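Bear in mind that the values here come from a model prediction, so they are computed numbers and not experimental data. Keep in mind that the numbers below use all heavy atoms, side chains included, and drop hydrogens, waters and symmetry copies.
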Amino acid sequence: MTEHKKHNTVLFSAISTSFLTAFAGSALTLCVPAMGDYFHMGAASVGWIITVYAIGVAAFSVPMGKLADSTSRKNVLLIGVAVFVITSFLSIAASAGWTIIALRALQALGAAMIFATNMPIAIASAPPSKRGQTIGIVTSGVYVGLTLGPVLGGMLNHMWGWKSIFAFAGIIGIFSFAASAAGIEDVQQKDEGSRQDVAGNIIYIIMICAIIYGLTDLNSTSFAWIILAGGLLLAIVFVKVELAASNPMMDVRLFKGNPTFSLSLLTAFFQYSSTFALSYLVSIYLQVVLGFTSQTAGIILISQPLFMAVLSPKVGKLSDRMPAYKLASAGIGLCGISLLFFAFAGRGTHLVTILIALAVAGIGTALFSSPNTNVVMSCVPPSKFGVTNSILSATRTGGQSFCMAIITLIVSSTVGNVSLYEAGADNLLHTMRTGFIIFTALCLSGCLMSLQRRKVS
């Protein structure tokens, strides 16, 4: 097999696994009410079907990245896909609420193994001159999954119920496993040291679980603030443990000794913590204020990830030819413009204008994501690709959780302890304006942070 064919095979594996995890997440969100009825679960309990997955992915991605870097990325990827496939099919037979939540937790472990390995394997198979293009192509797999998830997931759920989504994900996973097993060669440069940082792993997992849970549940339970504070204190302990470790799970010295690396991760956190609000708030705005059905709202929202999927490979290729931070800075700036538009959207805002604003956000995210990832991965040697990509994934999840925490606090202060669907159009518009002004400020702060990289690059 020629090097070109080998790289294409690796790309197919990376794209299919990226699509798999993105599709499963975005498609299943639509089925939560139906799953709640099936398992006789209340609103608070059924939310854990989604929450436990997000927490699990965030908590296990970095440990799995370190494990993959020091052992075998191919083996970790294959185990991850196998776990994802098995839990998908077992979920079809789940008969109790606690069972589906437990299976989703195990599925999160499989997804973390996938997140930690598919991108690093693809990048390692490409020459440095095509690193950005490769990142863009793999990233497009994520956005295709996000685009098709609501549409295809809605169709599957309508025709055959929520179990069909798990069946579809399982079948896609089988093809991904076969392609990965046959097409990937395990020729990575392994990270130095074979001993695993057990203490660092345990502290990190508990720390991330506490922080993400605390952010997610700030307005639901009285002790969420305590759990969040505990997680932040553990972060201090984690840094001290990693500085003293001979083979740390996470080389925290990278953050101090490489300002480009630190600025890129901070920029990613600000970007994801601001733009994650779009799909959530705009979906409710389209239904409650403008009166669209949930199906129509879903179709309208597709315009954002559609642009992301189409443009990511082209932008990734472009980031190999010009300073990637410039593309990323322009992208996060466009996202800020889109957020500012929705801060002033109202009852009379035309649908075409909304579609343009969503398209601008999609273009901005495409301009940001692949180039920023390219900058981050260029800061480390190939032996640390797995753990570095996992840190970036955890940053994304943390930013998204921080975004939802801000929305929760805004809602509690503007409309009280009711869902946004029940708040009424006027209250919702006030909540939206407050939220989007805050998120615009966060986004523009991220843009300024991104531009600082020109001084250190």
Side-chain angles (χ1 to χ4, degrees), residues 4-26 57 61 64-65 68-69 73-74 76-78 80-81 84 111-149 172-173 175-177 179-180 183-185 188 264 268 272 305-320 324 327-328 331 362 365-378 380 382 385-397:
H4 180 69
K5 288 185 177 179
K6 287 180 182 178
H7 182 57
N8 286 343
T9 304
V10 172
L11 277 180
F12 175 79
S13 168
I15 292 170
S16 61
T17 50
S18 295
F19 171 85
L20 173 67
T21 50
F23 169 83
S26 61
V57 169
S61 288
M64 291 301 106
D69 282 346
R73 290 182 191 140
K74 177 180 179 178
V76 172
L77 174 65
L78 291 177
V81 176
F84 200 95
M113 292 180 173
I114 295 171
F115 285 132
T117 51
N118 61 355
M119 181 74 82
I121 288 173
I123 296 174
S125 74
S129 61
K130 293 187 176 180
R131 180 176 293 164
Q133 181 180 9
T134 300
I135 292 171
I137 292 171
V138 177
T139 302
S140 70
V142 176
Y143 294 142
V144 169
L146 292 174
T147 303
L148 292 181
I172 295 294
F175 284 106
S176 297
F177 183 91
S180 302
I184 296 175
E185 293 183 8
Q188 73 188 71
S264 299
Y272 292 117
L306 184 62
F307 274 91
M308 291 149 61
V310 172
L311 293 178
S312 286
K314 296 178 175 61
V315 173
K317 186 176 182 179
L318 189 60
S319 72
D320 289 323
L327 291 170
T365 303
L367 282 171
F368 173 81
S369 185
S370 299
N372 195 69
T373 301
N374 196 0
V375 174
V376 172
M377 302 305 282
S378 298
V380 298
F385 278 173
V387 70
T388 302
N389 187 65
S390 300
I391 292 171
L392 194 55
S393 175
T395 301
R396 178 174 60 249
T397 305

Would the distance check show the side chain of [X] and the main-chain N or O of [Y] forming a donor-acceptor pair, the cut-off being under 3.5 Å?
X	Y	result
N389	F115	yes
S390	S61	yes
N372	A328	no

[X] versus [Y], closest heavy-atom pair with distance:
X	Y	value
A122	V138	CB-CG2, 3.9 Å
G362	M308	O-CG, 3.2 Å
V375	A324	CG2-CB, 3.5 Å
S16	I172	O-CG2, 4.5 Å
P120	A116	CG-O, 3.3 Å
R131	F385	NH2-CZ, 3.8 Å

Test item: side-chain donor near acceptor, [X] and [Y], under 3.5 Å:
X	Y	result
S180	S13	yes
Y143	S369	yes
S140	S312	no

Result of checking I114, D69, T117, V81 against V76 for side-chain contact (heavy atoms from CB on, under 4.5 Å): T117
Mind checking whether [X] and [Y] have side chains closer than 4.5 Å, heavy atoms only?
X	Y	value
P371	V315	yes
I137	K317	no
N374	D320	yes
I121	I184	yes
T21	F84	yes

State the [atom1]-[atom2] distance between [X] and [Y], to the nearest 0.5 angstrom.
X	Y	atom1	atom2	value
I15	L20	CD1	CG	13.5 Å
I123	M377	CD1	CE	4.0 Å
T373	F368	OG1	CZ	7.5 Å

